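Down below is the structure, laid out as structure tokens.
Everything numeric in this text was worked out from a predicted model, so none of it was measured. We count ligands from 1, going down the list as the structure has it; atoms in each ligand are counted the same way.
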Amino acid sequence: MRFPLSLTASLTGYLAKKRIRGEEKFPLVMMLEPLHACNLTCTGCGRIREYKATINEMLTVEQCLAALEDCGAPIVSICGGEPMIYPEIGRLAREILARKKHIYLCTNGMFIRKRLHEFTPTSRFFFNVHLDGLEKTHDLCVERDGVFRDAIEGIKAAKAAGFLVTSNTTIYKETDIEEIAELFAYLHTLGVDGHMLSPAYSYAAVQTKDIFMSREEIREKFHAASTLLDKYNLMTSPIYMEYLRGERELMCTAWGNPTYNPRGWKGPCYLMTDAHHETFKEFIENTPWEKYGRGRDPRCQDCMVHAGYEASAVLGGNKKLGDTWKMLHWQLSGRMGGARSKNGNGHVNGNGQSKSNGHSVGRPAGPLENNFAAKPQEQEEVFRIL
Ligand code: SF4
């Protein structure tokens, strides 16, 4: 399985309810930013620049939970800023999990070891660690030496304690996809459960324009990425990957990944801010959705970012025959757990710098054998819904 069965079951049940009710615009993944403060100043980050004036503001746990209740999304991506410096991150995660939601905690990984004791492993919770390359490249992207090593130590500690861990990589104009293949080969040996990819996109707040790509450049990069990275447990949907490779069109469905932060619901999307709304209903009803997307707003022209298009595979109007089967096959053909059951930290030198034999690592050796196998009733529920 590419994802835990509990996630597939919860998402499928949620979608079925929405379809029965005839709802058109609803969220799949809530992007929750409890704070914008961060211990790093990454080159491509729009948040620390756009929200510079309010960088010290924070949501309370209660405000986060009220917003989650307001939108009802089944998956919460806790991001920021750096959520691991949020004082009550452990309680926030526990409260969200108590509401039967799934969490991706997006982090630079530097504080995982320090705060790991505040979390409990479950199939509903992932540490999603930002890594944009091997040690030298990553430390350059985040503008500080030692970040890659800290993140890797965090990943090792989380895996040793039984947590699910994914990696999250932004592809820039200068990204060498072969290096990303080496990174994935290395993470595979650490037992990392899956990998997310997204093209970098130019935030108005980020002035370094030459790191971002045009649509043509994105297509070239993701062709190469599919060839070299497909053997790993990619958690980027195959339909979104087709879009990134230029093989199909999708419409922006930015309401599928709404962002909530100390200023409110950010409209229209994770990248652009034309307004902040007090309630989710206001965000949906007061955002002029027909004005956004390619060909409608010049700021959207080259945008292929996950927050606008990954949910389009499920929420968009231009579905193709066979898409449902493609998504089902994709879920069933993946494997979490990396290579941890066989060769542990194996053949890579442990610092992510090795010119490893990454390309020969291949698929994980066996089925996921961990503490997270779905209960029989969960399995039944998934197959009933599917
Ligand atoms: S196309 Fe991109 S920038 Fe434009 S609204 Fe959608 S997600 Fe935002």
Side-chain angles (χ1 to χ4, degrees), residues 24-33 36 44-51 71 73 75-77 79-80 104 106 168-173 196-219 221-222 236-237 239-261 263-277 280-319:
E24 275 185 18
K25 290 188 174 65
F26 53 86
L28 288 187
V29 181
M30 175 191 187
M31 314 288 281
L32 174 60
E33 298 176 340
H36 287 129
C45 177
R47 287 302 186 269
I48 52 169
R49 293 167 177 89
E50 178 178 350
Y51 291 100
C71 80
I75 303 169
V76 183
S77 175
C79 38
Y104 285 89
C106 304
N168 185 18
T169 300
T170 304
I171 306 292
Y172 293 96
K173 191 182 262 190
M196 297 183 192
L197 293 173
S198 185
Y201 184 72
S202 172
Y203 293 84
V206 179
Q207 297 304 314
T208 324
K209 300 292 178 195
D210 53 354
I211 61 174
F212 301 110
M213 295 179 283
S214 67
R215 277 170 88 88
E216 272 319 303
E217 288 167 325
I218 291 173
R219 287 172 178 178
K221 287 280 185 202
F222 279 84
T236 304
S237 95
I239 296 174
Y240 179 49
M241 285 297 278
E242 286 174 5
Y243 174 64
L244 291 171
R245 293 193 301 263
E247 293 161 11
R248 71 189 291 165
E249 275 307 320
L250 291 174
M251 293 294 290
C252 168
T253 53
W255 60 84
N257 282 56
T259 301
Y260 188 76
N261 66 35
R263 307 284 311 283
W265 292 99
K266 184 178 182 296
C269 67
Y270 184 75
L271 294 175
M272 294 198 309
T273 314
D274 287 347
H276 286 98
H277 305 270
F280 185 71
K281 189 166 183 284
E282 282 173 25
F283 161 72
I284 291 290
E285 291 179 357
N286 297 345
T287 303
W289 298 108
E290 69 289 351
K291 293 192 176 154
Y292 296 110
R294 187 171 161 76
R296 296 169 175 171
D297 185 315
R299 296 171 297 173
C300 300
Q301 204 55 19
D302 284 334
C303 175
M304 300 177 91
V305 80
H306 72 100
Y309 292 94
E310 179 127 40
S312 307
V314 178
L315 302 180
N318 44 355
K319 291 196 191 69

Worksheet item: Is the backbone of M272 close enough, under 3.5 Å, to the side chain of K266 for a donor and an acceptor to pair up by distance?
Response: yes
Worksheet item: Quick one: does Y270 get within less than 4.0 Å of ligand 1, heavy atoms only?
Response: no
May I ask you to list the atoms of ligand 1 that are less than 4.0 angstrom from any heavy atom of [X]?
X: Y292; value: 5 (S)
X: C269; value: 3 (S), 5 (S), 7 (S), 8 (Fe)
X: C303; value: 1 (S), 2 (Fe), 3 (S), 7 (S)
X: C252; value: 1 (S), 5 (S), 6 (Fe), 7 (S)

Worksheet item: So does R245 pair up with E216, basic N to acidic O under 4.0 Å?
Response: no
Worksheet item: Among protein heavy atoms, which lies nearest atom 7 (S) of ligand 1, and at what distance?
Response: G308 CA, 3.5 Å
Worksheet item: When you measure from atom 4 (Fe) of ligand 1 to every protein heavy atom, which one gives the shortest distance, and what is it?
Response: C300 SG, 2.4 Å
Worksheet item: Which word best sums up how the rings of F283 and F280 line up, parallel for under 30°, tilted for 30 to 60°, or perpendicular for over 60°?
Response: tilted
Fill in: Y270 six-ring face occupied by R47 cation (under 6.0 Å, within 45°)
yes
Response to the item:
Shortest non-hydrogen pair, M304 vs P199, comes out as O-CG, 3.6 Å
Practice prompt. Could you tell me which non-hydrogen atom of I75 sits nearest to which non-hydrogen atom of Y104, and how far apart they are?
Written response: CG2-CD1, 3.9 Å
